[in-house]
Amino acid sequence: MRILMLGDVMGVAGRKVVKKYLSKLINEFQIDFTVLNGENSADDGRGITKSIAEEFFFNGVDVITSGNHIWDKKETTEYIEVENRLLRPANLIDASPGNGYGIFQTKNKKFKVGVINLMGNVFMRKTEDVFEAAKKIKDKIILKKDADFILVDFHGEITSEKMAMGHFFDGVCTGVVGTHTHVPTADTRILDKGTGYQTDIGMCGDYNSVIGMNKENSLKKFLKDKKAIGHFPADGEATLSGIMIDADNETGLAKKISRIIKGGSLKI
Ligand SMILES: [Fe+2]
Ligand SMILES: [Fe+2]
């Protein structure tokens with residue numbers, strides 16, 4: 001079983017790089033299941049629309065995860081009710097539409113894959129305690145009983161919270177990756193009990209920017225320049241960023257994890 005997980009797709013540039021490389025990667029590496037974080041994929045980098053989600057599915061994505069930007073486009077609250085392949089963080093406060101986790105089939109119908117989307121508590125909008133939410137879901141989706149493989153997208157700001165979550169799920173999930181910071185970390189590895197892990201898998205977007213936003217304007221904002229306007233995405237050549245996991249069909253755990261970086265200015 002080969003799994004691809006891609007980081008936050010940022011605006012038009014991010015969508016372009018996904019379109020350019022995703023189906024090629026799926027064919028070349030015989031990828032069985034693809035998860036992509038779509039929370040910034042709208043033109044302005046805020047949220048996702050139905051037509052964008054459908055384009056991702058058309059290009060081979062199996063499940064779209066998200067984060068704090070999930071509700072930035074009004075239509076998403078209705079769309080998520082009819083499209084269960086789009087997830088929102090499981091620990092959002094109050095009753096939110098949609099699901100924060102689910103069990104999905106691979107395209108060849110051979111395997112069931114559990115996908116869990118969580119959002120951190122530190123330096124993020126207010127959410128339920130993420131470790132409490134993780135405990136509950138851990139009891140609901142059991143590896144090899146409910147799903148052949150289980151993947152976690154932990155959308156969070158700080159490295160410690162993400163790393164702790166990796167250890168929490170070690171041995172009971174196939175992979176735990178972080179998203180949200182838009183910068184990939186270099187700690188790609190398999191944890192003690194067999195879970196593939198990377199603190200953040202970066203963004204699919206233009207890295208010649210400030211986390212995907214136009215760098216000149218962002219800098220003006222930091223410098224308190226009155227000519228600064230609202231943030232808008234950088235539109236240069238984007239990099240596709242994520243990880244690939246080779247998982248053992250018997251145990252559902254990771255045998256190998258590697259970083260995937262394609263195009264644009266980012267280099268491994
Ligand atoms: Fe993001
Ligand atoms: Fe985010």
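Remember, it's 1-based here, ligands and their atoms both numbered in the order they're listed.
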Checklist entry - Can we say D200 and K162 salt-bridge, meaning some charged N sits less than 4.0 Å from an Asp/Glu carboxylate O? => result yes

Next on the checklist: At a threshold of 2.8 Å, where the distance has to be below it, does the Fe ion (ligand 1) have an N, O or S atom of H69 nearby?
Outcome noted: no

Item to check | N, O or S atom of E39 closer to the Fe ion (ligand 2) than 2.8 Å | outcome: yes

Next on the checklist: Report the atom name of the nearest N/O/S atom of D8 relative to the Fe ion (ligand 1).
Outcome noted: OD2

Checklist entry - Thinking salt bridges, do D44 and K73 make one under a 4.0 Å N-O criterion? => result yes

Item to check | From H182, M203, H180, M213, residue fulfilling side-chain contact (heavy atoms from CB on, under 4.5 Å) relative to N40 | outcome: H182

Item to check | N/O/S atom of N68 inside 2.8 Å of the Fe ion (ligand 1), strictly under | outcome: no

Checklist outcome for this item: Per residue H180, nearest N, O or S atom to the Fe ion (ligand 2) is named ND1

Checklist entry - Which atom, among the N/O/S set of H182, is closest to the Fe ion (ligand 1)? => result NE2

Next on the checklist: Taking the basic N atoms (NZ, or NE/NH1/NH2) and the acidic carboxylate oxygens, is any pair closer than 4.0 Å for K140 and D146?
Outcome noted: no

Checklist entry - Is D246 paired with R2 through a side-chain N to carboxylate O contact shorter than 4.0 Å? => result yes

